[in-house]
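Side chains included, hydrogens not; waters and symmetry mates left out as well; all remaining heavy atoms used.
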Amino acid sequence: MTDSKYFTTTKKGEIFELKAELNSDKKEKKKEAVKKVIASMTVGKDVSALFPDVVNCMQTDNLELKKLVYLYLMNYAKSQPDMAIMAVNTFVKDCEDPNPLIRALAVRTMGCIRVDKITEYLCEPLRKCLKDEDPYVRKTAAVCVAKLHDINAQLVEDQGFLDTLKDLISDSNPMVVANAVAALSEIAESHPSSNLLDLNPQSINKLLTALNECTEWGQIFILDCLANYTPKDDREAQSICERVTPRLSHANSAVVLSAVKVLMKFMEMLSKDLDYYGTLLKKLAPPLVTLLSAEPELQYVALRNINLIVQKRPEVLKHEMKVFFVKYNDPIYVKLEKLDIMIRLASQANIAQVLAELKEYATEVDVDFVRKAVRAIGRCAIKVEQSAERCVSTLLDLIQTKVNYVVQEAIVVIKDIFRKYPNKYESVIATLCENLDSLDEPEARAAMIWIVGEYAERIDNADELLESFLEGFHDESTQVQLQLLTAIVKLFLKKPTETQELVQQVLSLATQDSDNPDLRDRGYIYWRLLSTDPVAAKEVVLAEKPLISEETDLIEPTLLDELICYIGTLASVYHKPPSAFVEGGRGVVHKSLPPRTASSESTESPETAPAGAPPGEQLDAVPTQGDLLGDLLNLDLGPPVSGPPLAASAVQMGAVDLLGGGLDSLMGDEPEGIGAPSFVAPPAAAVPANLGAPMGSGLSDLFDLTSGVGTLSGSYVAPKAVWLPAMKAKGLEISGTFTRQAGTISMDLQLTNKALQVMTDFAIQFNRNSFGLAPAAPLQVHAPLSPTQTVEISLPLSTAGSVMKTEPLNSLQVAVKNNIDVFYFSTLYPLHILFVEDGKMDRQMFLATWKDIPNENEAQFQIRDCPLNAEAVSSRLQSSNIFTVARRNVEGQDMLYQSLKLTNGIWVLAELRIQPGNPSFTLSLKCRAPEVSQHVYQAYETILKN
Amino acid sequence: MIHSLFLINSSGDIFLEKHWKSVVSRSVCDYFFEAQERATEAENVPPVIPTPHHYLLSVYRHKIFFVAVIQTEVPPLFVIEFLHRVVDTFQDYFGVCSEPVIKDNVVVVYEVLEEMLDNGFPLATESNILKELIKPPTILRTVVNTITGSTNVGDQLPTGQLSVVPWRRTGVKYTNNEAYFDVIEEIDAIIDKSGSTITAEIQGVIDACVKLTGMPDLTLSFMNPRLLDDVSFHPCVRFKRWESERILSFIPPDGNFRLLSYHVSAQNLVAIPVYVKHNISFRDSSSLGRFEITVGPKQTMGKTIEGVTVTSQMPRGVLNMSLTPSQGTHTFDPVTKMLSWDVGKINPQKLPSLKGTMSLQAGASKPDENPTINLQFKIQQLAISGLKVNRLDMYGEKYKPFKGIKYMTKAGKFQVRT
């Protein structure tokens, strides 16, 4: 007696038989026949030919039969629009039925019949149902408006259904409210501009009341809607938080996560000093932990969200490390996510436990998981310095296992550890070299080659090792080829005598036999460098590398803030803003965290969370996956660019030696006879066009590439101003200015003798000042200064003097002595003379630092009337040692992220927003010493406006 | 909202589809099949799969994939929760949720799905209400229906739908009024090689079976409510009362329901009731390995441990095992390399053990990974966290109900590393 009987077929043909049964007089037989039709429909069989016969069964008192026919109608009306009209009358009649269940059923089904012609007939019954006395009908009708809008949006607007729907938000029944909110949210999604959900404190209050009483699903709709509201002050935010908090104890995980979203967002507005803030923070942890004991699919979504939450507010889960430990029968997607979070939570306090776990994971069966675990050990070493040694020894243990993929993964991460802690763990190189032969993955090979090249001087047989790689050069992946090229050049620069042949071999392989433009270009650059100026080559190639920063896969702060607004949604699973993946980009509105505003009067400067419209292309900027290497060596790992092979580069090299006479200078006093005379620079024809024809310029291009090593930087110099008028100093007039040239600060003075006697015996002294400026040499006026004579002196300054905070910060008191008297004056020096040349922060570092500096330290300024465009601004600032770390275009605005460092090591991070056509820029500065911000801003003004 | 639902069996056939909006071609499932192929095991299929125009969210239960198709930005947890609810409902309706059962009841399934969602919005998901709308099939009802021609679709608006207590129907009548509560705790733990606890936590639930006439209002209080600092309640529980007095006060749904679930976190000290002594070793030279495990009671508060089963996934290199148990039965599947030992009760005087040898592939090196031992057990009349119900009172009705409380502790994900 089961439904499977509906699937049995007979010889005559199913459709034929069903037709006969549907037209039977017996009710029971009819019903059985409709059931058979539905059964066929559910498994995807086409039973649309029976449309008229099924519709005929619609007018019946039997509710089950009616429902079944409705089911059929919904499925097939679209394919038979003309026939579907036959059903309209019954619908209209059913909408008047005394039984609310039937009224609701009719209005529900009507909306599901996606036929344009029918929609017109729908309006009147729908209008009635929206005002029905029975809430069950009203709530069903609310959803029907959303359905209708999907079919014919214009009709819904013309008929005024949207207003009726808005009215339903104030309905007395919570379920009706929830459905109205759900319907409006869905409609609003396709109409981002319309202000459908106009939230104000009154409507919020209604929603909060309904929240307590409606079903779990309704709660999700209401919470998601609440999350879009921006409270007017912190008090309102707190009161909403208080009323939302009980939802954290709901059994439905979606309710919990939606509540977490509302709280995370509104917390942003609460002051951290508030007791309530701390309470709230404590309340967030348990529900998040509980989500992890749910089904694996739920865990996965929860973990992706927790990943965001711990980045935004690490304090929430800092004590909960253990719940993220991996169980061996967790599905792989849960395991990988847990690992990610473990590393984020790793700190000095728990590192021992974490490492023990990671080591355990590295012996598991699943290859992907093991690899990630090994990588995680490396990331721990980089993140928690105290653990580095233990991490390295753990990695060595793992290498001893000789499991192929473990060894390869370990070598990749050890390379990163070398870059973070240079000259500390190189003793392990020997062990690494033992495993050279087993490496078959490009990433591991590249890492190993990098290590050999970097430490060539400590590896006795470095040349042999590299040579062995060279044999199959053309079969290697680009990444390995590039690395091999660099490594051999490094080796050559370190041991020039023995490896000359090797370097020639690799250069010719790279420049002549390769059709990869990246490889060729790099080959030429090295070649040219080596032949032009080997000393410079040494400086460039063996330059000190910046340390890698702790966490390379942090999400950019602005993106993170936006994603926090999307907790619980698909965006939070992908860690991308919806604009990046929502179909058709239906003009998704960017969300941002609310700024903190206090209701009580306060003198705090207007703080803005680093909000602003978050950039769309951010994702390209920061890899969100745990791919460490991708960032470290992005120069090397770029995908091979396929360009047309450079035909012109068929240069006859033959036995011609590559390197010009420069070798001598490299080798210093080494014995002669090592081919110096035979070194010839490569023929000019070989220079690829993009390197620029003159060799000199090619070289300086290269220097530019390597972020200005050795270039002279000249900061902006203000015109001289009179510091000490003659009348105050018995005839001595001093005017001057400050300059910064090639890393030296100097005070350019102009002394004029306006007295009638000769002046001699000049000396100068500075009072203690904020940045320890002091003369680096005595004031040298060579000849006595005769009347009306003027002398120009450049006085070099150092910043090694004693420090005392002055007010204002940049004031400098100077005493000048001559044979007549001692004179005192004070002047203000522009801050940009203190911006040092190595003030360019690494991009990742910038991100981490920006996030790290509390929002209270952020200051905002307006730079008005500056007609420059972003490029000009950037280059002008760069010449004054304000470096652009990243530049991005966001909705037409240019955002420049800049860094600078003061002589005393204070870093200042800046975000400069430039709107094309608008001469006013917005400058946000973040610095651990906020008192310098004002002066940095003045420096910006001075530099940009002159 | 939720667009469509596809049910797919483990051999990759779509055996049911339901659309709540326009029809989505079943070819969209091809993306799912791709992912399924990539994941070696069914459990590892990622729950969120993007396709060019849709997103596929799936859960895997009872060897069936429930794949929901969505087109717009919808909270994934909402969808996944809903899918689990669908499975629970099927189970509730038909006793088991399996492909043949769903196929046998396809029309009821279809009707139920239609009631659960409207245009992708959840409509009625409480099984109490659903059962009023569409009566679950029973043999008796089918017989009666055939004779009288009545239907199994209710024609009255479910009473609970709009009342203040939507989870309870009105007019409930019983001759025997009874309320039973089961406190069930599961221990999730990871024990390391040396026997010390790496992490242990307790997932507890209180399941209720309440069959009371009328509109009873119940209060349940605990001896030590302090333990419950991380709880999730059934919507019927009055949250304010819990916040202020730590008393559960509620009008219960009719029948079986989960009153609350709670979590005792790793930060509290969790008693571990069993220990496993193990000695699993491979030798480099020989193709034989030694295997020996013993299970014994630890902190059991004087209760007996029963229903003990030990399972362990042996390394791939193990060809066969020759073992002798001191009690119970054991099996080793040489294909899946799964060892399972059904121990039964633990007698503290005579600890159960399993000893013997493993034979490895000749010439193969010793396996890199160590097998993890998975433990299942049950302890009756004990809630390992120490949670105790103080009293249960009923207001609002005059009769005296029969009340009962049962405790049980089980192993959840209880793993011992070797």
Side-chain angles (χ1 to χ4, degrees), chain A residues 1-4 27-28 35 38-39 42 44 62-64 67 71 100-101 108 111 114 135-136 143 146-147 173 175 182 189 217 220 246 249-254 257 286 289-290 293 295 297-298 300-301 322-323 325 327-328 331-333 360 363-365 401 403 568-570 573 578 582-583, chain B residues 1 15-17 22 26 43-44 46-48 53 55 59 72-73 75-78 80-81 84 103-107 110-111 114 118-119 121-122 142 149 151-153 155-157 161-162 166 190 198-199 203 229-235 239 261 263 265-267 368-370 372 413 415 417:
Chain A
M1 292 303 284
T2 65
D3 292 353
S4 57
K27 260 191 186 171
E28 202 45 38
K35 279 191 176 180
I38 299 284
T42 55
N62 186 314
L63 192 61
E64 186 179 18
K67 277 190 168 181
L71 277 177
L101 193 63
R108 203 169 110 199
R114 308 176 60 84
Y136 183 73
V143 175
K147 294 181 196 171
N173 185 291
M175 273 320 300
E189 208 174 304
W217 314 107
I220 301 170
S249 299
H250 202 285
N252 186 318
S253 59
L257 205 56
V289 171
T290 305
S293 51
E295 285 83 358
E297 299 91 359
L298 297 171
Y300 171 74
V301 177
K322 282 185 173 176
V323 298
F325 285 0
K327 309 221 167 63
Y328 90 100
I332 181 75
Y333 54 82
E360 193 69 41
T363 62
E364 280 217 30
V365 190
T401 62
V403 179
T569 66
L570 280 173
V573 174
V582 166
E583 172 113 308
Chain B
M1 292 294 121
F15 65 91
L16 187 109
E17 58 183 286
S22 54
R26 54 164 66 189
E43 286 82 6
N44 288 341
V48 183
H53 302 287
Y55 298 93
V59 304
T72 48
E73 172 68 88
L77 273 190
F78 161 94
I80 294 173
E81 272 280 354
H84 281 297
K103 277 186 171 163
D104 281 352
N105 296 288
V106 69
V107 176
Y110 224 68
E111 287 171 335
E114 183 61 28
D118 175 21
N119 194 36
F121 297 109
T142 327
T151 74
N152 62 349
V153 172
D155 55 3
Q156 285 306 308
L157 191 59
Q161 271 281 42
L162 292 157
I190 304 177
I198 291 180
T199 164
Q203 316 289 350
D229 64 340
D230 179 7
V231 276
S232 309
F233 295 117
H234 188 277
F239 190 74
S261 53
H263 177 93
S265 74
Q267 286 173 51
D368 306 313
E369 74 265 19
N370 298 322
T372 303
K413 287 184 167 178
Q415 311 186 340
R417 292 178 181 159

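Interface residue A:Val143: backbone and side-chain heavy atoms are both found under 4.5 Å from chain B. Contacts of A:Leu71 with chain B are made by side-chain atoms alone, with heavy-atom separations under 4.5 Å and no backbone atom involved. Heavy atoms of B:Gln203 lying under 4.5 Å from chain A belong exclusively to its side chain. Contact of B:Phe239 with chain A is made through the side chain alone, with heavy-atom distances under 4.5 Å. In this structure, the portion of A:Ile220 lying under 4.5 Å from any heavy atom of chain B is its side chain and not its backbone. Looking at A:Tyr300, the atoms closer than 4.5 Å to chain B (heavy atoms on both sides) all sit in the side chain, from C-beta outward.
For A:Asn252, the side chain to side chain donor-acceptor pair (under 3.5 Å) partners two or more places apart in sequence, or in a different chain, are A:Glu216.
The closest side-chain heavy-atom distance from B:Pro75 to A:Leu257 is not below 4.5 Å. Considering only heavy atoms from C-beta on, A:Trp217 comes within 4.5 Å of B:Glu81 through its side chain. Taking the side chain as every heavy atom from C-beta outward, A:Asn173 and A:Tyr136 never approach each other to under 4.5 Å.
Among all heavy-atom pairs drawn from A:Leu570 and B:Glu73, the shortest one is N-OE2, 2.5 Å. Across all their heavy atoms, B:His263 and A:Ser293 have their closest contact at ND1-OG, 4.3 Å.
In terms of non-hydrogen atom pairs under 4.5 Å with chain A, the most contact-rich of B:Glu43, B:Met1, B:Glu114, B:His234 is B:Glu114. Note: A:Pro286 leads A:Gly111, A:Pro286, A:Pro331 in heavy-atom pairs under 4.5 Å with chain B. Counting heavy-atom pairs closer than 4.5 Å to chain B, the top-ranked of the candidates A:Glu364, A:Glu360, A:His250 is A:Glu360.
B:Gln415 contributes atom CD, which lies 6.5 Å from atom OG1 of B:Thr372 (distance to the nearest 0.5 angstrom).
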